[in-house]
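Owing to the predicted nature of the structure, the values given are computational and were not obtained by experimental measurement. Counting starts at 1 for both ligands and their atoms, following the listed order.
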Amino acid sequence: MAREPIVILGTGLAGYNTARELRRLEAGKRLALTLVTRDDGRFYSKPDLSVALARGKAPDEIPLADAGEMAAQLDATILTHAPVARIDRAARKVVLEDGRGLAYGRVVLALGAEPVRPPLAGDAAGEVLSVNDLDGYRRFRERLDGHERVAILGAGLIGCEFANDLAATGHRVTVADPAPWPLARFLPEAAGRRLERELAALGVTWRFGVTAERVDRVDGALALRLSDGSTIAADVALSAVGLRPRTALAAEAGLATGRGILVDRLLRTSDPAIHALGDCAEVLPEGAPGEPGREGLVLPFVMPLVQGARALARTLAGEPTPVRYPAMPVAVKTPAHPVVVAPPAPGAEGAWEVAEDEGGVRALFRAPDGRLLGFALTGAHVKERPALARELPPLLP
Ligand SMILES: Cc1cc2nc3c(=O)[nH]c(=O)nc-3n(C[C@H](O)[C@H](O)[C@H](O)COP(=O)(O)OP(=O)(O)OC[C@H]3O[C@@H](n4cnc5c(N)ncnc54)[C@H](O)[C@@H]3O)c2cc1C
């Protein structure tokens, strides 16, 4: 098989997991491997960022290994602070912003996603932070130092987790979202309302049905003006309104993109020498990238990229292996009232059956014939996750 170098772009969980899985395989051990990242290449678990305050961890205590240690562990070359400018497919080279060119046999795009910036007016709009990596988290913690009032835009997974972590450590948190309850995209109303109440009991103030329109500096603090005319006063503002897969490098190289970088079940882009996985990828259940009208799965969570890394490593090592996704419930890390959700597929036919008791909410989404297609569990009911997950159909069989 080919001995040409494999170049992995990105050292997040997707990039590092792929490298690790490759080195576990006999055939994968022999391949030359280079990883490239624009950050410092430290290995860390991103989900730890939204629970670090309550665990008493400073940003520099979160990483598990630095780039030198990872290079030794993985028997790989790791280029840090090396932003990629473009991929020259004709010359089979990855071109870095500093002009260096890296010849490749195959490329893995593990470029992650970009936080969506809400359109905000005002002289302090640029002071609204977002956290999607360790550097962003360090900036957030520096800004937070000695301050109490935090405004969070977005009551999705990341917004709710930060709200819990901040409120549990004595901060005064206000969360604003246009939806009517937290995690509204994933949770039926009863489960969302329960989380809303439990986090309110911890001290979180909710503002639903509103968007932030402008942010100004007033008397040394931030004033966030909402669409209903009211204002939130805060020392720090955090935006958690969503993520957009990083598709620009792929699109500029002429690869097919949709919401993410389009790949087939072998995680191949429209160029078979280039693969993609993790937050940047959109996986087509069937068909090939480039065929018109195809839409795939964009799943910006850890479990899908772990499944992807396992399959992709085998494929790169010479044994083509389609990615399979079992049902992959997502745990929302709100220790004040934990949540686990396995949303039904978009457009799935069925209805929620909701039961609530003092422990929390148990909501099951069933098809008309009774099959379980999704669930949402809160509080004490999260312990039912393993049994219910076994009943769910796989996302990609
Ligand atoms: C606060 C928070 C909490 C989370 N909690 C959970 C959770 O509990 N459970 C869960 O399943 N998921 C969670 N997630 C999501 C999960 O962390 C992500 O899905 C996962 O970490 C994405 O990994 P990735 O490797 O695809 O992307 P990233 O980690 O974003 O890595 C992208 C890499 O690409 C590099 N890169 C980008 N552009 C370039 C360029 N031009 N040149 C060179 N390098 C480049 C970056 O430097 C980086 O190394 C959470 C996310 C956040 C932000």
Side-chain angles (χ1 to χ4, degrees), residues 7-20 34-53 59 62-63 67 70 78-87 94-98 100 102 107-116 129-137 140 152 154 156-166 238-250 252-253 260-261 267 276-282 298-309 312 328-335 338-342:
V7 178
I8 299 179
L9 306 186
T11 58
L13 289 174
Y16 274 144
N17 264 294
T18 304
R20 266 208 180 129
T34 298
L35 291 100
V36 182
T37 176
R38 64 183 185 186
D39 61 27
D40 62 14
R42 286 194 285 177
F43 174 69
Y44 68 103
S45 176
K46 197 186 290 196
D48 288 351
L49 300 180
S50 44
V51 290
L53 271 169
I62 296 170
M70 292 307 288
I78 301 181
L79 303 179
T80 58
H81 303 295
V84 174
R86 63 194 171 83
I87 301 166
V94 169
V95 182
L96 305 184
E97 275 183 14
D98 64 13
R100 278 181 289 173
L102 308 173
V107 172
V108 175
L109 304 174
L111 294 162
E114 203 69 58
V116 172
L129 302 173
S130 48
V131 172
N132 188 38
D133 55 32
L134 198 54
D135 286 337
Y137 187 63
F140 170 64
I152 299 177
L157 179 132
I158 293 172
C160 287
E161 291 188 355
F162 275 115
N164 193 145
D165 205 39
L166 286 156
L238 186 63
S239 166
V241 301
L243 290 171
R244 193 171 290 131
R246 291 197 179 102
T247 56
L249 270 177
E252 283 158 18
I261 302 170
L267 302 178
L277 83 166
D279 283 9
C280 67
E282 177 175 350
V298 176
L299 299 170
F301 303 108
V302 176
M303 275 308 291
L305 70 81
V306 167
Q307 299 289 334
L312 180 55
M328 296 179 287
V330 176
V332 185
K333 304 185 298 298
T334 43
V339 174
V340 175
V341 58

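- Remark: ligand 1 atoms within the under-4.0 Å shell around heavy atoms of V131 are 53 (C).
- Shown in contact with A110 at under 4.0 Å from a heavy atom are these atoms of ligand 1, numbered in order with element: 32 (C), 33 (C), 34 (O).
- Side-chain atoms of E161 come within 3.5 Å of backbone atoms of K333 as a donor-acceptor pair (strictly under, hydrogens ignored).
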**OP:** Please test L134 against R42 for side-chain contact (heavy atoms from CB on, under 4.5 Å), starting from the C-alpha separation and ending with a verdict.
**Re:** CA-CA 9 Å; L134 198 54; R42 286 194 285 177; 3.9 Å; yes

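- Here the straight-line distance linking atom CD of E97 with atom CZ of R38 works out to 9.0 Å at 0.5 Å rounding.
- Taking both residues in full, the closest heavy atoms of T80 and A67 are given as CG2-CB, 3.6 Å, listed atom of the first, atom of the second, then distance.
- Looking at P245 and I261, their side chains never come closer than 4.5 Å, going by heavy atoms from C-beta outward.
- The residue among V332, I158, L299, L111 with a heavy atom at the shortest distance from atom 52 (C) of ligand 1 is I158.
- Near G278, the atoms of ligand 1 lying under 4.0 angstrom from a non-hydrogen atom of the residue are 26 (O).
- Nearest residue to atom 44 (N) of ligand 1 from E114, R42, R38 is R38 (criterion: closest heavy atom).
- Distances between N or O atoms of V84 and those of ligand 1 include at least one value under 3.5 Å.
- Of all the listed residues (A276, G112, G10), G112 holds the heavy atom that lies closest to atom 27 (O) of ligand 1.
- In terms of N/O distances under 3.5 Å, ligand 1 is approached by T37.
- Going from atom CG of L157 over to atom OG1 of T334 covers 8.5 Å, rounded to the nearest 0.5 Å.
- Between L267 and G308, the closest heavy-atom pair is CD1-O, 3.5 Å.
- Against a heavy-atom cut-off of under 4.0 Å, L305 is close to the following atoms of ligand 1: 20 (C), 22 (C), 23 (O).
- Where the criterion is an N or O separation shorter than 3.5 Å, residue side chain and backbone included, P300 meets it with respect to ligand 1.
- Here the protein heavy atom with the shortest distance to atom 17 (O) of ligand 1 is K46 CB, 3.4 Å.
- Close N/O approach between T11 and ligand 1 is found [any backbone or side-chain N/O within under 3.5 Å].
- Taking only non-hydrogen atoms, the option from A14, P47, C280 nearest to atom 50 (C) of ligand 1 is P47.
- The residue among L243, D39, N132 with a heavy atom at the shortest distance from atom 48 (C) of ligand 1 is D39.
- For atom 5 (N) of ligand 1, the closest non-hydrogen atom of the protein is K333 NZ, 2.9 Å.
- What you find for R246 and C280 is that their closest heavy atoms are O-CB, 3.8 Å.
- Every N/O-N/O distance between L157 and ligand 1 stays at or above 3.5 Å.
- Closest to atom 26 (O) of ligand 1, if we only count protein heavy atoms, is D279 N, 2.9 Å.
- The shortest heavy-atom contact between A240 and G159 is CB-N, 3.8 Å.
- Near P83, the atoms of ligand 1 lying under 4.0 angstrom from a non-hydrogen atom of the residue are 42 (N), 43 (C).
- When side chains are defined from C-beta on, L13 counts as touching F43, because their heavy atoms get closer than 4.5 Å.
- With hydrogens and angles ignored, the 3.5 Å screen pairs a side-chain donor or acceptor of Y16 with a backbone N or O of G41.
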